[in-house]
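For reference, the structure discussed in these notes is given below.
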Protein chains: 2
Amino acid sequence: MSTPEDKTPERISDAEHAVMEALWQRSPLTASEVCDEVCEKRGWSLATVKTLLSRLVAKNAIATEPDGRRFLYSPLLERADYTGSESRRLVDRLFGGRAAPLFAQLAEAEALTDDDIAEMEVLLKELRK
Amino acid sequence: MSTPEDKTPERISDAEHAVMEALWQRSPLTASEVCDEVCEKRGWSLATVKTLLSRLVAKNAIATEPDGRRFLYSPLLERADYTGSESRRLVDRLFGGRAAPLFAQLAEAEALTDDDIAEMEVLLKELRK
DNA sequence: GCATTACGACTACGGATGTAAACATGAAGC
DNA sequence: GCTTCATGTTTACATCCGTAGTCGTAATGC
């Protein structure tokens, strides 16, 4: 049955997000493969990754597919959806939903590279149409 | 802006942020005045506000000035510093430090108003100099 | 003066999060 | 068959966060 896709907008935590990044980059992956990707970088043990994977499954953010003994994990939540909602959240919380002040902010903080500026100009031109 | 001695940039939580907003808008305020500003909006009791104020004091985000029997609270952390670091954080975490993808993201999510676009054009023109 | 009140300090408590160990179980080697 | 490894499941535990109640005490009303 076409699941009404009970959109579970469960928040993904910071640590969980690191695991998601690994899966967005390549999937499906086993738990140990995910660990290979992130454990060193974050100083985690395999156990930690296993916990995070379980929590992500519970949050409906990733899917499991049995592969003999173990599971293969792949993202259910798409990266764009995640980054989109997180960005939105920030803009809403900090700038009353307006994006312009956010960029003014970044500009002032010198967080904009020349490339950023160039790309954004192109994008703006697109949007103007 | 920043005083010689850097105080630890403790993270401000979501609820705490609401209190900060009230103080950024007008300060100094007493605890009850802060409550007047936010309690209704968030469904909080005065007790909650008092807790949040204490935590913010502990985090060195606001200052207290005794006014007889009670305190007057004012922000120590400036709004621009907060929004700046939060924005930066998001851009780093989600877009590898590049602002352009964030912009693309917001554009795609139709989170950009015409005003935003207009303002950003002005901004970009400035930056390109 | 004494009760009420206003206020900050301290305490509470459930849920989320970061981090991980213990446990169960099946596979794989020998 | 028994040991060992790999792997998911359960349990653990400290900290933070959201939300608030209680306590001690000074101000204030009468």
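Just the heavy atoms: all of them, side chains too, but no hydrogens, waters or symmetry mates, feed the values below. Protein chains get the first letters and strands the later ones, always in sequence-line order, with residue 1 at the start of each.
- Atom pair L46(B):CG and dA20(D):P shows a separation of 11 Å (rounding to whole Å applied).
- Under 4.0 angstrom from either OP1 or OP2 of dT19(D) there lies no side-chain N or O belonging to T51(B).
- Under 4.0 angstrom from either OP1 or OP2 of dC7(C) there lies at least one side-chain N or O belonging to S32(B).
- dC17(D) atom P lies 14 Å from atom NE2 of H17(B), rounded to whole Å.
- Between dT17(C), dG24(D), dT7(D), one nucleotide has an atom nearer to the side chain of K59(A) than all others, and that is dT17(C).
- For S13(B), the side-chain atoms get nearest to dG18(D) when compared with the rest of dT19(D), dA20(C), dG18(D).
- The separation between R69(B) atom CZ and dT28(D) atom C1' is 12 Å, rounded to whole Å.
- Regarding K50(B), its NZ atom lies at a distance of 11 Å from the P atom of dG21(D), rounded to whole Å.
- Between L52(A) and A31(B), the one whose closest nucleotide on DNA chain C sits nearer the 5' end is A31(B).
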**Study point:** Test side-chain hydrogen bond (donor to acceptor under 3.5 Å, both in side chains) applied to T83(A) and Q105(B), step by step
**Key:** CA-CA 7 Å; T83(A) 56; Q105(B) 186 60 244; 2.7 Å; yes

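- Atom CD1 in I12(B) sits roughly 11 Å away from atom P in dG18(D) (whole-Å rounding).
- R70(A) has a carboxylate O that lies under 4.0 Å from a charged side-chain N of D67(A), or vice versa, which qualifies the two as a salt bridge.
- In this model, the phosphate group of dA20(C) is approached by a side-chain N or O of T48(A) to a distance below 4.0 Å at OP1 or OP2.
- Atom CD of E10(A) is separated from atom C1' of dA16(C) by 11 Å (rounded to the nearest Å).
- For the side-chain hydrogen bond (donor to acceptor under 3.5 Å, both in side chains) with E16(A), the qualifying choice from K59(A), R11(A), R55(A) is K59(A), the only one to do so.
- Applying the 3.5 Å distance criterion, the base of dT17(C) shares no donor-acceptor pair with the side chain of R11(B).
- Under a 4.0 Å N-O distance rule, the pair R89(A)/D14(B) qualifies as a salt bridge.
- At a threshold of 4.0 Å, the pair R26(A)-E33(A) does not count as salt-bridged, since none of the basic side-chain nitrogens sits closer than that to a carboxylate oxygen.
- Distance R55(A) CZ to dG18(C) P: 8 Å, rounded to the nearest Å.
- With hydrogens and angles ignored, no donor-acceptor pair under 3.5 angstrom links the side chain of R70(A) to the base of dG26(C).
- In this entry the distance linking CG of L53(B) with P of dG18(D) reads 14 Å, nearest Å.
- Side-chain atoms of R42(A) and base atoms of dG18(C) include no donor and acceptor less than 3.5 Å apart.
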